[in-house]
Protein chains: 2
Amino acid sequence: MTDDTPARRRKAATIRDVAQAAGVSTATVSKFINGGQRFTREVEERVTTAVRELGYSSNPMARGMITGQTGNVGIVILDICNPHFTSLVKGSSRVAERAGLNLLFTDTAEGHTPELTMLQALSRRVDGIIVSARLSEAAIEWLKHSGLPVIYYGGQQPDPACYSVGVDNRAAAQMLGRHLRDLGHRRISYVGFSGARWSSERWKGLQDAFDGSDGVLRLFDVESAVADEGERIASSVLLCAEPPDAVVTYNDLVALGLLGQAQLLGLRVPDDVSIAGFDNIIYGRYASPALTTVDTASELTGETAMQRLIERIRGDAAVSGGGHETLASRVIARGSTARRAPGR
Amino acid sequence: MTDDTPARRRKAATIRDVAQAAGVSTATVSKFINGGQRFTREVEERVTTAVRELGYSSNPMARGMITGQTGNVGIVILDICNPHFTSLVKGSSRVAERAGLNLLFTDTAEGHTPELTMLQALSRRVDGIIVSARLSEAAIEWLKHSGLPVIYYGGQQPDPACYSVGVDNRAAAQMLGRHLRDLGHRRISYVGFSGARWSSERWKGLQDAFDGSDGVLRLFDVESAVADEGERIASSVLLCAEPPDAVVTYNDLVALGLLGQAQLLGLRVPDDVSIAGFDNIIYGRYASPALTTVDTASELTGETAMQRLIERIRGDAAVSGGGHETLASRVIARGSTARRAPGR
DNA sequence: TTGTAGGCGTTATCAA
DNA sequence: TTGATAACGCCTACAA
């Protein structure tokens, strides 16, 4: 049995239907809906009834046309499958929901649409937007020029008029480096991801940590920050002439891949080599050994970014002038890092 | 240095501005923008220029008011932090982007807003919606009544007029059960999640697999399908009087938690007990031993659901009448399941 | 406290 | 091929 007609969307009741049913003007209904005014008990009751019976709710597009607000906020994510970004979305989503805003989600990893085109399309459908600080220069420039409220997540925007939220990557890496140094490690390899601006910050932080020591740091690079790449680069990093005591990777995904592959290559972690990443994704706990990492406040980043965005949209006076909000990070030491074996 | 004014959004050029600049009527510009008509070279050139110089793009809300289309599609996710759903979103997102549709994302796990209220608000902002088959009866009823194009993911909707997409959970579980049976396992425990309708399908599938054998199946239940719960229930499942040869869990997250805890309790996996889950989340590969699982076509589910939704929105004739689309699933055997030890 | 009327930016209809 | 004009549903002065 099939439908006689393709399910057609029933036309919703309009404010006029309500006005008529309640025997008042549309203006009265509008004011009633949007609150902030008092009415006769009589009118109030009739309107309430009419709204309920007709199941009325105002048309967001019609309202938007005149208020200039869409009721939506946008978020542009590099790769939703990275748990770091997943948590970020979770945090943003929660805050948006509380504020009664809808979240327009975009994943750019596919990159079918050029970044700029995508932003231009999105910008007409949202009141503000949260984007990665890794956006292209052209896109950032266009955003600035557009006047759309924007919050950047991840790194800090050089332009002081921009708002951004994230951890201090250099300081975070320095903490991790210090941890490794305290464990007696001297030969450190960093598997960076030059596609992210702040990978170099993390590299600098590591260097800071070993400043004035006899530590030897070496730099590698992956083409994308995923587990596969960690697997791919494992042998280059681990089986070289003078192998490292410890390896730090750009993020936990790369670390997970590296960790798995290291074991397949016959290395014992952490006895032969310590491994650590960034982001504190939950799955690091379920690797074996559990992965040492640096928490980069993923969910809090999302929450904070959304809060700042909403403030900007609402135009709260206190929050003018841009600036970077630094979130606290912390090292989470687990089984994948340990004191360097004496004989090693 | 602060801004003199709160960044004000510059008012975008309207179709009238373009018409004036090009010396034509707004109707002409509209037709030109929306294509599908031919113009004098002269007009075409003037309009093109005006559009470019003014950086014009049409106002989606104004357009939506008259076309009745929003250009948005909604997706309602139970918990974006579950990689299964993350992949689903990824698939949907890609297809939506290709079709030029924006994705309105909602995560219900927080549940601040009642399901029905959330759907009602969302329904006015989208042309169609993808939701979990785990939605409440009331919500499903309301959706049917609304006439909004809906695709359910996960389980099959009983109502044949509804569209749904997902794997055959019973058959999938039967395959996994068969795998375990072939490995010589006889005492099987299933850690289900009664919060999901299709957990019982999986339970039935397992029973099917051991039908007519001397297998003994036992049922447990978690309150939420996350790794923590897998950890929590581990001792109850594994340390009982007659411990199981193998444990199947509702999904990989629970399995991961259970796996980690099993090892902390001193059990060797898979020597002492085999463990398997559902969904084939990527992190199962990085557990140790790697997790045996059943692939539930997460990303394909998202893609397919979005394709069907778009067909429904566009009103393609061929796709009337509803129905369930079954996606193929497959067992992915890894290290966490192995032949039952002889002496066990 | 309530109503009237104008306009938001666009598309669709119909006439030129 | 092009243009005038009427909606679309709502909000907001302003008037009553």
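So that the names make sense, note that chain A is the first sequence line, chain B the second, and so on, each numbered from 1. Keep in mind that this is a model prediction, so the values were computed, not measured.
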Whole Å only: how far is the [atom1] atom of [X] from the [atom2] atom of [N]?
X       : N      : atom1 : atom2 : answer
B:Arg46 : D:dG3  : CZ    : C1'   : 13 Å
B:Gln37 : C:dA12 : CD    : C1'   : 12 Å
B:Gln20 : C:dT10 : CD    : P     : 14 Å

Exercise. Check whether the ring centres of B:Tyr163 and B:Tyr152 lie less than 6.0 Å apart, and answer yes or no.
Key: no
Does anything in [range] form a salt bridge (Lys or Arg N to Asp or Glu O under 4.0 Å)? List the pairs, not counting sequence neighbours.
range                       : answer
residues 64-73 of chain A   : none
residues 117-136 of chain A : none
residues 141-150 of chain B : B:Glu141-B:Lys144, B:Lys144-B:Asp159
residues 38-52 of chain B   : B:Glu42-B:Arg46

Practice problem: Would you please name every residue forming a ring pair (Phe, Tyr, Trp, His ring centres under 6.0 Å) with A:Tyr56, sequence neighbours left out? | Solution: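 Per chain and number, A:Tyr56 pairs via ring pair (Phe, Tyr, Trp, His ring centres under 6.0 Å) with no residue.
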Quiz item: Is any side-chain nitrogen or oxygen of B:Thr28 closer than 4.0 Å to OP1 or OP2 of D:dG3?
Solution: yes
Exercise. Scan nucleotides 5-15 of chain D nucleotide by nucleotide, 5' to 3', and note B when protein non-hydrogen atoms come under 4.0 Å of the base, S if they reach only the sugar-phosphate, - if neither.
Key: ---BBBBB---
